[in-house]
Amino acid sequence: MTIRVVVADDQELVRSGFAMILDVQEDIEVVAEVGDGAAAVAAVERLAPDVALLDIRMPVLDGIEACRAISAGSACRTVMLTTFDSDEYVYEALHAGASGFLLKDVRRDDLVHAVRVVAAGESLLAPSVARRLIEEYTAATARSSPSLPADRLDVLTARERETLLHLGRGLSNAEIAAALTVSEHTVKSHVGNLLAKLGLRDRIQAVICAYETGLISAGTPSGE
């Protein structure tokens with residue numbers, strides 16, 4: 001199956017560079033390159049791609065609003081292009097429905113891998129930048145008490161709750177499988193079940209939920 005991608009960035013060299021890297025892959029096709037958020041939303045509506053790469057700072061409609069519109073109106077998954085100095089915008093993107101984040105200086109192989117991962121229904125949680133941004137976000141918005149009721153998690157089985165805890169600590173499926181002494185297939189089933197029960201779009205939203213229900217606290221070491 002070919003992964004169809006829209007690349008949106010107001011810097012022509014950046015979007016052309018990303019498009020060139022992706023378009024030479026046998027399983028990826030860049031169906032549109034656009035320079036602002038409104039054009040990105042329109043391209044997604046017209047072309048129904050699988051993934052949209054969105055720069056956070058764009059004219060006409062910024063990447064966050066474009067992400068929100070795309071997430072609400074289509075099955076297209078979004079990846080935000082960001083830098084470390086724009087954390088406050090990334091916080092907003094988390095709730096807008098972003099499936100992950102890439103730094104503008106991402107390596108070629110990591111860009112290709114990211115598109116494939118997101119298209120497969122996963123999210124870009126493993127990179128340290130994602131964990132840091134999520135933790136800083138939840139620390140800033142829910143310093144003293146959970147912002148979601150803890151009983152929201154009552155619909156989960158004990159294993160699903162454990163899986164959510166490990167997701168909140170940034171573990172991969174393989175690492176969760178090792179921690180729970182089960183197969184990766186079983187972990188994928190637990191993840192899918194907990195996402196469905198909690199009405200969450202992907203793993204990043206699951207991590208936010210883990211923090212906001214108080215299951216895990218900001219600053220908790222990943223090994224605890």
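Throughout, numbering of the chain's residues begins at 1 and tracks the sequence.
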Counting distance only, does the side-chain N/O of Q25 pair as donor-acceptor with the main-chain N or O of L22 below 3.5 Å? no
Out of M80, Q205, R77, which one pairs with S99 under the side chain to side chain contact (heavy atoms under 4.5 Å, CB included) rule?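 Checked M80, Q205, R77 against S99; only one passes side chain to side chain contact (heavy atoms under 4.5 Å, CB included): R77.
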Establish, from distance only, whether the side-chain atoms of S189 and T186 form a donor-acceptor pair under 3.5 Å. no
Taking every non-hydrogen atom, the tightest pair across V106 and L111: CG2-N, 3.8 Å
Minimal heavy-atom distance between T78 and S71, with the atoms involved, is OG1-OG, 4.1 Å
Exceeds 12 heavy-atom contacts within 6.0 angstrom, atom NZ of K188: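 Not more than 12 within 6.0 Å, no.
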Heavy-atom pair of closest approach, residues C76 and V44: CB-CG1, 3.9 Å
Do R15 side-chain atoms and D9 backbone N/O form a donor-acceptor pair below 3.5 Å? yes
With distance as the sole test, does D50 use its side chain to make a donor-acceptor pair with the main-chain N or O of R4 at under 3.5 Å?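 Yes, D50 side chain to R4 backbone: donor-acceptor pair under 3.5 Å.
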Please say which of L54, V34, L61 ends up in a side chain to side chain contact (heavy atoms under 4.5 Å, CB included) with V41. L61
Nearest heavy atoms of A206 and L194, plus distance in Å: CB-CD1, 4.3 Å
With no hydrogens and no angle check, is any side-chain donor or acceptor of D36 less than 3.5 Å from a backbone partner on A39? yes
